[in-house]
Amino acid sequence: MSDMKQTLLAIGCLFVAGNAAASSAGEYMAKISDCVACHTTEGGAPMAGGKKFSTPIGDIYATNITPDKTFGIGNYSYEEFEKAVRQGIAKDGHPLYPAMPYPSYAKMTDQDIRALYDYFMNEVPAADTKNKDNEIPLLLSARWPLHVWNWLFVEETAPENKTGQPTDLLARGAYLVEGPGHCGACHTPRGVTMQEKGYDASSAEYLTGAMIEGWYAPSLRNISMSRDELKDLLRMGRSQHDALSGPMSEVVTQSTQYLTDKDLDAIAFYLLNFNHKNGVPVAADGAIVYAPTDGKTLYSMYCSTCHGDDGKGKDFTVPSLVNNTVVNAKDPSSLISVVYQGAETPQTHGNISFKMPAYKEVMSDDEMTNVVNYVRGTWGNGASQATKDEVSAIAK
Ligand code: HEC
Ligand code: HEC
Ligand code: HEC
């Protein structure tokens, strides 16, 4: 084969690898668990060790977890691997620093840990990269408090009880976010001993937002976007109204872009559930049917940043909706059209134009009806309520 052909083939493969689903169950789990994020340095061999973590007692480095028998984990048995990943205990018995998110991995099923082990032993190329020395003085004596830490915060359930795979969409979403996805490692605030303040939805502080490496990882409990937008963000790092940056864009590149559509559905379902206190029905075929959100909530989610909580807008840029003729017109069609397709002030001499976004991709007809009626019936506006048929007519 000519060099040219070989190059083209290699590029083709790269391209496929970037988009295609992972080739084995173990590779998929490794991607969803984002092992590579910490265990690889820039330019270094995959999984050959890497990221530095500054701890109150000194710097620590993620280790070589390729199957190399001298420098990696090639001599780990399945039992030893399981103990490291789910319980935070290395082969030689020393407790791992909790930068390694084993309190989350503790929730992973036997089946997934087994698949991971097979992947690391058989599919990851061995690399003879020596581990960096941890820069912690008196390493051994500094490590012993970790035993206490483990005892306090790592789940008690015996790992051998974790068999089977959750099938229900909500349970699958919870599993992916709380377990392999370890989303709380960045999105949950940490307490004095570095533990996350909660590792699942039963804790009120779980996923309520935290500072991480100078970035703010926002609360995932009040995400105000549609399911499809959330899925787009996790799949591509951008969506109609949003784009991700910093550590989260790495999470997307290395991990969430590989999620299957079904697993993305499950994660979106689980996260958006925090927002829908009244419960969200799931259709029998597993498709998600959201209960429409009420008008007041929709207004504060989508409109209040520009038009204000009081509906008064901003002088010269955003019109007031109070006593507004479009809002209070007997026929709600113009109001519905503005919300449906957006609007723009005319550009005239000396005036730049201001834009109002379109909401046709964001809200269902039911929700559009709710927000329109909220605007028509608040701040002294007393217009009659629009019907869903009137909204659907404009949508057509
Ligand atoms: C957020 C960062 C992070 C992620 C993600 C992560 N690790 Fe780690 N891991 C570490 C750090 C840091 C250490 C070293 C801890 C120490 O030395 O106390 C470590 C240590 C280990 C060890 C012990 C290795 C040894 O040298 O004895 C194993 C095994 C391991 N990780 C496997 C995994 C696997 C498998 C995944 C994915 C399922 C993973 N890690 C994901 C940070 C991470
Ligand atoms: C390494 C740290 C880290 C991990 C792990 C992480 N995130 Fe993030 N995430 C962030 C940061 C930082 C931001 C803010 C990024 C920005 O503002 O562009 C963010 C933003 C987000 C957003 C956008 C929120 C909004 O309202 O705009 C979503 C959604 C999200 N993360 C979901 C997840 C999910 C789901 C997981 C687990 C699969 C996860 N994150 C794991 C750090 C992380
Ligand atoms: C990014 C800022 C922004 C957001 C968000 C926004 N608007 Fe607007 N809105 C504007 C601007 C600017 C105009 C003026 C457009 C024009 O003159 O045609 C406008 C015009 C309107 C009008 C027409 C008022 C008139 O007098 O012609 C209505 C009604 C309206 N918005 C309602 C809403 C509702 C309801 C929402 C939420 C679903 C919303 N807007 C979200 C900026 C915004």
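Below, all heavy atoms of this structure are taken into account, side chains as well, without hydrogens, waters or symmetry copies. Whatever order the structure lists ligands and atoms in, that order sets their numbers, starting from 1.
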**Item:** For atom 27 (O) of ligand 2, the protein heavy atom that lies nearest, with its residue and separation
**Value:** Asp242 OD2, 3.4 Å

**Asked** Mind checking whether Tyr105 has an N or O less than 3.5 Å away from an N or O of ligand 1?
**Response** no

**Request:** Could you name the option among Tyr340, Tyr374, Tyr359 that has the heavy atom nearest to atom 41 (C) of ligand 3?
**Result:** Tyr359

**Asked** With sequence neighbours left out, which residue pairs that include part of residues 315-334 fulfil the side chain to side chain donor-acceptor pair (under 3.5 Å) condition?
**Response** Asn328-Asn381, Asp331-Ser333

**Prompt:** So which protein N/O/S atoms does atom 8 (Fe) of ligand 2 have within less than 2.8 Å?
**Reply:** His187 NE2, Met248 SD

**Request:** Answer with yes or no whether Lys51 contacts ligand 1, where contact means a heavy atom under 4.0 Å from a ligand atom.
**Result:** no

**salt bridge (charged side-chain N to carboxylate O under 4.0 Å, His left out) assessment of Lys31 paired with Glu27** = CA-CA 6 Å; Lys31 290 220 151 78; Glu27 185 182 357; 3.0 Å; yes

**Request:** Count, excluding waters, the protein N, O or S atoms that are closer to atom 8 (Fe) of ligand 3 than 2.8 Å.
**Result:** 2

**Request:** Provide the number and element of each atom of ligand 3 under 4.0 Å from a heavy atom of Leu335.
**Result:** 29 (C)

**Message:** Once ring pair (Phe, Tyr, Trp, His ring centres under 6.0 Å) is applied, do any residues pair with His182, and if so which ones, sequence neighbours excluded?
**Reply:** Tyr105

**Message:** Quiz question: by atom type and distance under 3.5 Å, do the side chains of Glu178 and Tyr206 form a donor-acceptor pair?
**Reply:** no

**Request:** May I ask you to check whether Asn324 has an N/O atom sitting below 3.5 Å from an N/O atom of ligand 3?
**Result:** yes

**Request:** For Tyr76, counting its heavy atoms only, list the atoms of ligand 1 lying under 4.0 Å from any of them.
**Result:** 23 (C), 24 (C), 25 (C), 27 (O)

**Request:** Report, in ascending order of atom number, the atoms of ligand 3 lying under 4.0 Å from any heavy atom of Thr317.
**Result:** 12 (C)

**Complete:** Out of Ala37, Pro101, Ala84, Gly50, the nearest non-hydrogen contact to atom 29 (C) of ligand 1 is supplied by Ala84

**Request:** Note the single closest protein heavy atom to atom 17 (O) of ligand 2, along with its residue, its atom name and the distance in Å.
**Result:** Ser245 OG, 4.4 Å

**Asked** Hey, is atom 8 (Fe) of ligand 1 within less than 2.8 Å of some N/O/S atom on Thr63?
**Response** no

**Asked** Which atoms of ligand 2 have any heavy atom of Tyr216 under 4.0 Å away?
**Response** 12 (C), 13 (C), 14 (C)

**Asked** Between Phe81 and Tyr117, how do the two ring planes meet: parallel, tilted or perpendicular, split at 30° and 60°?
**Response** tilted

**Request:** State whether a side-chain donor-acceptor pair under 3.5 Å links Asn64 with Thr66.
**Result:** yes

**Prompt:** Any N/O/S atom of His39 sitting less than 2.8 Å from atom 8 (Fe) of ligand 1, backbone or side chain?
**Reply:** yes

